[in-house]
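First up is the structure itself, then whatever we jot down about it.
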Amino acid sequence: MDVVLFGPPGAGKGTQSKFLMTRLGVPQISTGDMMRAERKSGSELGQRFDSFMSKGLLVPDELVLELLAKRLDDADAAGGAIFDGFPRTVPQAIALDAILAKRGRKIDRVLALEVPESVIVDRISGRRTCQDCGQAYHVRYNPPPSTGRCTQCDSDRIVQRSDDKEETVRTRNGAYLKDTLPILDHYRANAGVVVSLDGTGAVEEVTKRLENALEGRTQ
Ligand code: AP5
């Protein structure tokens, strides 16, 4: 099954992807995580990503699509994927349709998390992220352990992401409203593919709504 987990920055896509991976048995493909890994490697490509990401701007489509097409060739993505933070523009959505069609696949479901900007800013400004494995915490809602070590990989490098400052978050949300939200109309051309969900409330409540959406139950 191929699922787009859709929503503004800080909607909880990364958090809820963990549940979806277990539920569907397919990998999470996060273009943001892939770009951060490339940036961490110190490569020239990583520096190009950083010049956009650090300002809260979208990385140009051609750079993203190259990264994505390569990832879909990996064996673990042969049976489907959860796309987290991708596609981000209508041209990316059209390109993804073509990439999947070549593999005899299509987007089966777009799960769209709806979260107002005030909640986004609160969630992102309180987020702390493990630099080694990407695990997200929140200073109030899901605090990092008092030992300072990541629960997933034991790293002691739990930091604030450089693009998680309030001003950059507002720029990221602006890019979402202008370039990303119109993608929903692209997918709405196929009836029943897009399911919109309330992304506010506790993590477990949102997970329950996603579970219901996958089962075809009304919210
Ligand atoms: P990316 O890494 O994709 O970031 P994003 O979409 O902005 O989303 P986030 O990772 O910020 O949030 P999330 O929805 O995963 O929320 P999370 O679960 O962490 O992109 C970063 C940048 O890379 C972009 O700005 C762009 O430059 C570039 N980029 C990436 N992909 C691109 C593409 N395809 N094209 C072009 N450019 C691209 O949750 C947030 C916080 O809230 C956490 O602290 C979490 O613990 C907490 N939280 C989650 N759910 C709840 C809840 N229910 N209640 C309370 N707290 C919660």
Side-chain angles (χ1 to χ4, degrees), residues 4-20 28-39 46 48-69 71 82-93 95-96 111-130 133-144 151-152 158-181 183 197-210:
V4 173
L5 188 53
F6 188 90
K13 302 183 294 295
T15 302
Q16 299 295 338
S17 287
K18 310 286 177 280
F19 151 72
L20 288 177
Q28 167 204 27
I29 297 184
S30 159
T31 42
D33 286 349
M34 290 161 74
M35 288 172 190
R36 280 184 286 278
E38 193 67 43
R39 198 172 57 177
R48 288 179 74 190
F49 290 152
D50 186 57
S51 65
F52 299 96
M53 296 171 82
S54 60
K55 297 188 189 90
L57 303 173
L58 292 181
V59 171
D61 290 341
E62 60 276 16
L63 295 180
V64 184
L65 288 167
E66 199 182 315
L67 200 67
L68 193 275
R71 177 65 182 90
I82 298 147
F83 296 96
D84 162 5
F86 179 89
R88 267 314 217 272
T89 63
V90 172
Q92 286 183 21
L96 178 60
L111 301 172
L113 297 172
E114 295 178 342
V115 182
E117 189 177 62
S118 56
V119 175
I120 289 169
V121 172
D122 177 53
R123 283 191 187 170
I124 296 192
S125 54
R127 175 167 52 189
R128 299 295 178 270
T129 307
C130 173
C133 74
Q135 174 68 29
Y137 301 91
H138 190 283
V139 289
R140 285 192 307 284
Y141 310 128
N142 175 25
T151 51
Q152 301 299 307
I158 298 175
V159 298
Q160 184 171 37
R161 251 168 62 176
S162 59
D163 59 345
D164 277 356
K165 298 188 180 72
E166 183 169 337
E167 194 187 312
T168 318
V169 173
R170 292 191 191 278
T171 305
R172 285 161 58 193
N173 195 42
Y176 167 78
L177 295 172
K178 177 175 165 286
D179 295 314
T180 307
L181 205 50
I183 289 177
L197 306 153
D198 179 4
T200 64
V203 171
E204 299 72 24
E205 290 174 64
V206 180
T207 303
K208 186 74 195 154
R209 290 180 204 127
L210 287 167

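Computed from heavy atoms alone, side chains included, the values below leave out hydrogens, waters and symmetry copies. Treat the numbers as computed from the prediction; the structure is a model and nothing was measured. Each ligand, and each atom within it, is numbered from 1 in the order the structure gives. The chain is numbered in sequence order, starting from 1.
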Contacting atoms of ligand 1, where contact means under 4.0 angstrom from a heavy atom of [X]:
X    : result
P9   : 5 (P), 7 (O), 8 (O)
G14  : 13 (P), 15 (O), 18 (O)
F86  : 34 (N)
G85  : 31 (N), 32 (C), 33 (C), 34 (N)
A202 : 53 (N)
Y137 : 43 (C), 44 (O), 46 (O)
Q92  : 33 (C), 34 (N), 35 (N), 36 (C)

Side-chain donor-acceptor distances from residues 51-60 under 3.5 Å, at least two apart:
unit_1	atom_1	unit_2	atom_2	d
S51	OG	R48	O	2.7
S54	OG	D50	O	2.8
K55	NZ	S51	O	2.9

Is it the side chain, the backbone, both or neither of [X] that has a heavy atom closer than 4.0 Å to ligand 1?
X   : result
F49 : neither
R36 : side chain
P60 : neither

Among all protein heavy atoms in this structure, tell me which lies nearest to [atom], with the distance rounded to 0.1 Å.
atom                    : answer
atom 39 (O) of ligand 1 : T15 OG1, 3.8 Å
atom 56 (N) of ligand 1 : Y141 CD1, 3.4 Å
atom 26 (C) of ligand 1 : L57 O, 3.5 Å
atom 12 (O) of ligand 1 : G10 N, 2.9 Å
atom 25 (O) of ligand 1 : R172 CG, 3.7 Å
atom 41 (C) of ligand 1 : R123 O, 3.7 Å
atom 23 (O) of ligand 1 : M53 CE, 3.4 Å
atom 38 (C) of ligand 1 : M35 CE, 3.8 Å

Original post:
Within a radius of less than 6.0 Å around CD of E66, do more than 12 heavy atoms belonging to other residues, nucleotides or ligands occur?
Top reply: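 Open: at most 12 neighbouring heavy atoms sit under 6.0 Å from CD of E66.
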
Student check: side-chain heavy atoms of [X] and [Y] closer than 4.5 Å:
X    : Y    : value
T200 : E205 : no
V64  : R88  : no
D122 : Y141 : yes
V203 : F19  : no
T15  : N142 : no
D198 : R209 : yes
V139 : R128 : yes

Original post:
Does ligand 1 have any atom that is closer than 4.0 Å to a heavy atom of R161?
Top reply: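 Yes; R161 lies near enough to ligand 1 that a heavy-atom distance drops under 4.0 Å.
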
Original post:
What do you reckon, does A11 put a non-hydrogen atom under 4.0 Å from ligand 1?
Top reply: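 Yes; A11 lies near enough to ligand 1 that a heavy-atom distance drops under 4.0 Å.
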
Subject >> salt bridge (Lys or Arg N to Asp or Glu O under 4.0 Å) between R172 and D164, worked out >> reply: CA-CA 10 Å; R172 285 161 58 193; D164 277 356; 3.0 Å; yes

From [atom], work out which of [options] has a heavy atom at the shortest distance.
atom                    : options               : result
atom 5 (P) of ligand 1  : R127, R128, R88, E205 : R88
atom 53 (N) of ligand 1 : A175, G201, G12, A136 : G201
atom 31 (N) of ligand 1 : V119, V203, T31       : T31

Subject >> Option among T31, D61, D179 that satisfies the side chain to side chain donor-acceptor pair (under 3.5 Å) test with Q92 >> reply: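 By the side chain to side chain donor-acceptor pair (under 3.5 Å) criterion, Q92 pairs with just one of T31, D61, D179: D61.
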
Original post:
Between D84 and K18, is there a side-chain N and carboxylate O pair less than 4.0 Å apart?
Top reply: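 No salt bridge links D84 with K18.
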
Original post:
Between K208 and E204, is there a side-chain N and carboxylate O pair less than 4.0 Å apart?
Top reply: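 Salt bridge: no.
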
Subject >> L113 side, atom CG; L210 side, atom CG - distance, nearest 0.5 Å >> reply: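 Nearest 0.5 Å value for the CG-CG distance: 5.5 Å.
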
Original post:
When only distance counts, is V59 in polar contact with ligand 1, meaning an N/O pair under 3.5 Å?
Top reply: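 Yes, there is a polar N/O contact under 3.5 Å.
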
Subject >> Backbone or side-chain N or O of D84 under 3.5 Å from ligand 1 N or O >> reply: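 N/O-N/O distance under 3.5 Å: no.
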
Original post:
Can you check whether G85's main-chain N or O pairs, donor with acceptor, with K13's side chain at less than 3.5 Å?
Top reply: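 Looks like no, no N/O pair under 3.5 Å.
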
